[in-house]
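Since the structure comes first, as structure tokens, the remarks are kept for the end.
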Amino acid sequence: MASTTAAAETPRLRPSKPTGFLSWVATTDHKRIGILYFWTVLAFFFIGGVESSLIRAQLAQAELSVLTPEIYNQMFTMHGITMVFLVVMPFAAAFFNYLLPLMIGARDVAFPRLNAFSYWFYLFGGIFLYSSFFLGGAPNGSWVGYAPLSTNAVSNMAFYAVGIQILGVSSLASAINFIVTIINMRAPGMTFMRMPMFVWMTLTTSFLLLFAVPIIAVALFMLQFDAVFNAQFFQPASGGDPILYQHLFWLFGHPEVYIMILPAMGIVSEVMPTFSRKPLFGYAAMAFAGAAIGFIGFGVWAHHMFTSAIGPVPRSAFAVATMFIAVPTGIKIFNWVFTMWGGRIRFTTAMLFSVGFVSMFTIGGLSGVMHAIVPHNAQQHDTYFVVAHFHYVLFGGALFGLISGVYYWFPKVTGRLMNEKLGKVHFWTWLFGFNLTFGPMHMSGLLGQPRRTAVLPGELGATVELYNLLSSLGVVVLAISASIFLYNLIRSIRSGEASGDDPWDARTIEWMTATPPKHHNFDVIPVVTSRDEFWHRKYAESEEGIPVAVPVGASVDEESDAGHDEHIHMPDPSLWPAIHTLGVLPLGYGLVYANWLLVGIGAVWMVAGMFGWIIEPLAEGDDDEPAVAGAAAH
């Protein structure tokens with residue numbers, strides 16, 4: 001009895017209420033962490049949009065001085081960093097966190113507290129980077145941070161080097177967590193070839209992160225030592241090699257492109273079959289094409305360096321590899337088209353954004369293959385043609401796909417539908433604004449407009465100036481479109497039409513749960529007997545091959561929850577992941593300013609936080625004596 005009382009009275013650093021601010025800080029629920037990612041991404045997306053608006057205001061006409069060259073350099077550098085590392089990558093992580101356990105029939109991820117740790121590292125990494133605006137100026141050496149320019153103290157790139165390393169820790173922790181979850185926690189019967197395609201793309205993306213992030217960590221570590229401690233890794237005068245930085249960066253940077261695009265491909269591969277009322281065409285080919293893209297993606301990095309000091313043999317080899325990677329990408333594009341072919345298509349907002357993804361990404365991919373041609377690449381490397389290319393891939397590709405996922409799974413998260421009329425206005429204005437912004441950049445680039453310049457040169461002529469004005473007007477349209485989306489989002493959360501549990505007549509098992517899902521996701525873990533399990537529980541095929549609805553309760557696969565007495569064990573909330581990661585701020589500032597006191601404070605804080613994390617049990621009662629724990633269970 002004494003031990004029971006002692007255990008009950010042991011103080012825990014956990015919030016006692018399931019709602020309120022502290023409950024969100026301490027959450028280890030994958031669904032809540034996914035929601036935290038989503039809203040944080042929207043905040044950074046707004047900031048990145050403001051930066052792009054200032055850039056386009058500066059370039060709307062020739063010889064303007066809306067921004068000083070110094071501020072312009074900070075704006076375009078932070079815009080690139082924000083959209084790549086603080087928007088597109090974590091936007092995908094929001095979907096991974098919320099949906100992955102639901103789609104494989106699990107109750108949470110493998111390491112719930114590590115999942116929370118990943119989010120807080122992401123948030124504090126973003127805060128750290130943006131605090132540079134108030135501490136002498138933001139990084140201004142572009143998001144690629146080419147050395148030795150970025151090692152100059154004037155460039156403020158020490159914040160870049162440390163900040164991206166902080167964000168890299170978040171990405172690595174998430175990647176390990178998702179890989180273990182997918183391999184070990186799939187529902188009974190869910191073989192790899194029965195997994196939803198989104199889960200396949202999550203797995204491929206996680207392996208890409210696992211192998212790519214350590215490469216950029218090495219480059220940034222060396223860059224930081226050059227910038228802060230005057231090391232000579234990339235200083236040619238001292239025997240250093242600036243080309244080494246380019247190799248290290250793009251060994252990460254090109255897989256990074258697929259880290260951003262593969263999640264969107266996974267989303268589109270779920271949306272299109274649902275709204276075409278057909279299975280995904282060529283499932284196995286799609287899965288292996290995704291894996292092939294990830295593998296080949298590590299072998300094409302030097303096409304970013306055709307204008308650098310590499311010889312004709314590597315140029316030829318990487319040109320061939322760049323052309324070859326278009327093959328698995330083409331497989332995916334044709335399979336999406338064949339999925340729609342002959343289907344009974346419903347053009348919901350989610351479906352429109354998926355179709356927009358395929359079309360815009362195809363345009364971006366074609367201009368990418370053009371850059372495999374070395375003379376073509378050399379002519380356009382430092383022009384706005386390249387800016388147009390990567391925005392068609394990342395904006396027209398990744399963001400269109402991710403927004404499609406928002407409209408598709410919004411009912412799953414909230415139990416409400418987004419307004420379809422507003423959604424379609426959002427799509428068409430988004431599509432028009434996107435093409436108006438980035439389409440003309442192809443032409444201005446071919447006419448010689450250089451990128452990374454703070455002033456549009458007047459000598460380029462009236463035609464280039466017109467193209468720039470159109471691009472700047474396009475940003476205005478995009479801002480209006482984004483406002484429509486935000487209004488629709490908030491309005492639908494507050495008063496949207498109730499969705500029911502299966503509003504889209506979906507195919508995969510996350511729609512078998514309550515909407516929104518319960519804390520433990522599934523009352524009973526489903527047994528998977530086929531690909532598109534939920535669809536096959538709802539429909540059988542007639543002799544003519546037409547889907548016929550199965551009467552309610554008639555599916556032999558349906559497992560009743562009645563009388564089920566399974567004990568569902570879920571991890572409790574914990575404040576320690578947030579407390580532990582707070583120490584990264586003084587540690588980061590100490591590394592930037594070579595202040596060893598701050599480094600020491602941050603390191604001690606993080607070690608203390610780690611001890612608290614380790615000592616605290618995963619759930620209340622986990623550290624009780626067996627007899628006591630058994631009594632408590634009864």
Side-chain angles (χ1 to χ4, degrees), residues 34-35 37-57 60 79 82-83 86-88 90-92 94-95 98 264 267-268 271 275 346-361 363 391-392 394-440 469-499 503-504:
I35 293 169
Y37 265 106
F38 176 75
W39 288 108
T40 309
V41 163
L42 285 190
F44 282 122
F45 194 16
F46 172 78
I47 296 170
V50 170
E51 290 163 345
S52 66
S53 299
L54 291 172
I55 292 167
R56 289 312 319 167
H79 171 71
T82 300
M83 300 309 286
L86 299 176
V87 174
V88 178
F91 204 166
F95 286 96
Y98 198 98
I267 290 169
V268 170
V271 171
F275 295 114
R346 291 176 289 162
F347 283 108
T348 63
T349 305
M351 184 64 168
L352 287 172
F353 271 99
S354 286
V355 174
F357 162 88
V358 175
S359 56
M360 296 301 101
F361 178 71
I363 294 171
H391 279 90
Y392 266 84
L394 299 182
F395 194 128
L399 279 178
F400 269 72
L402 292 164
I403 293 170
S404 173
V406 172
Y407 281 97
Y408 181 62
W409 280 295
F410 182 85
K412 186 79 246 173
V413 178
T414 65
R416 299 181 182 274
L417 293 167
M418 292 186 74
N419 185 284
E420 278 291 309
K421 289 183 179 178
L422 286 174
K424 288 173 181 176
V425 173
H426 171 215
F427 169 74
W428 290 112
T429 53
W430 195 252
L431 183 69
F432 175 71
F434 166 74
N435 283 287
L436 183 61
T437 302
F438 300 108
L469 179 60
L470 291 173
S471 291
S472 297
L473 291 174
V475 169
V476 176
V477 178
L478 285 173
I480 294 170
S481 182
S483 300
I484 294 169
F485 168 70
L486 187 62
Y487 170 75
N488 192 6
L489 184 73
I490 295 172
R491 176 181 179 273
S492 301
I493 290 171
R494 291 177 175 176
S495 58
E497 178 187 350
S499 66
W504 310 129

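The residues of the chain are indexed from 1 along the displayed sequence. Below, all heavy atoms of this structure are taken into account, side chains as well, without hydrogens, waters or symmetry copies.
- By the 4.5 Å heavy-atom criterion applied to side chains, L394 and M83 are not counted as neighbours.
- Contact annotation: the side chain of F38 never approaches that of V41 to less than 4.5 Å [non-hydrogen atoms, C-beta and beyond].
- Remark: T82 OG1 to I47 CD1 distance equals 7.0 Å, nearest 0.5 Å.
- Between F434 and S481 there is no side-chain heavy-atom pair separated by less than 4.5 Å.
- Among the candidates K424, E420, K421, the single residue satisfying the side-chain hydrogen bond (donor to acceptor under 3.5 Å, both in side chains) test with T349 is E420.
- Under the 3.5 Å distance criterion, with hydrogens and angles disregarded, a donor-acceptor pair is assigned to the side chains of Y392 and N435.
- Between I363 and F438 the shortest side-chain heavy-atom distance does not fall below 4.5 Å.
- By the side chain to side chain contact (heavy atoms under 4.5 Å, CB included) test, R416 is found to be paired with F410, T414, residues two or more places apart in sequence or in another chain being considered.
- Between V413 and Y98 there is a side-chain heavy-atom pair separated by less than 4.5 Å.
- By the side chain to side chain contact (heavy atoms under 4.5 Å, CB included) test, A264 is found to be paired with F357, residues two or more places apart in sequence or in another chain being considered.
- W430 places a side-chain heavy atom less than 4.5 Å from the side chain of F353.
- Atom OG in S472 sits 10.5 Å away from atom CD1 in I55 (nearest 0.5 Å).
- Panel note: side chain N488, backbone L422; no donor-acceptor pair is recorded below 3.5 Å.
- Between F45 atom CZ and L486 atom CG the span is 11.0 Å, to the nearest 0.5 Å.
- For the pair W409 and W504, the minimum side-chain heavy-atom distance is 4.5 Å or more.
- Using a 4.5 Å heavy-atom cutoff, the side chains of V406 and F91 are in contact.
- Checking S404 against S354 by side-chain atom types alone, a donor-acceptor pair falls below 3.5 Å.
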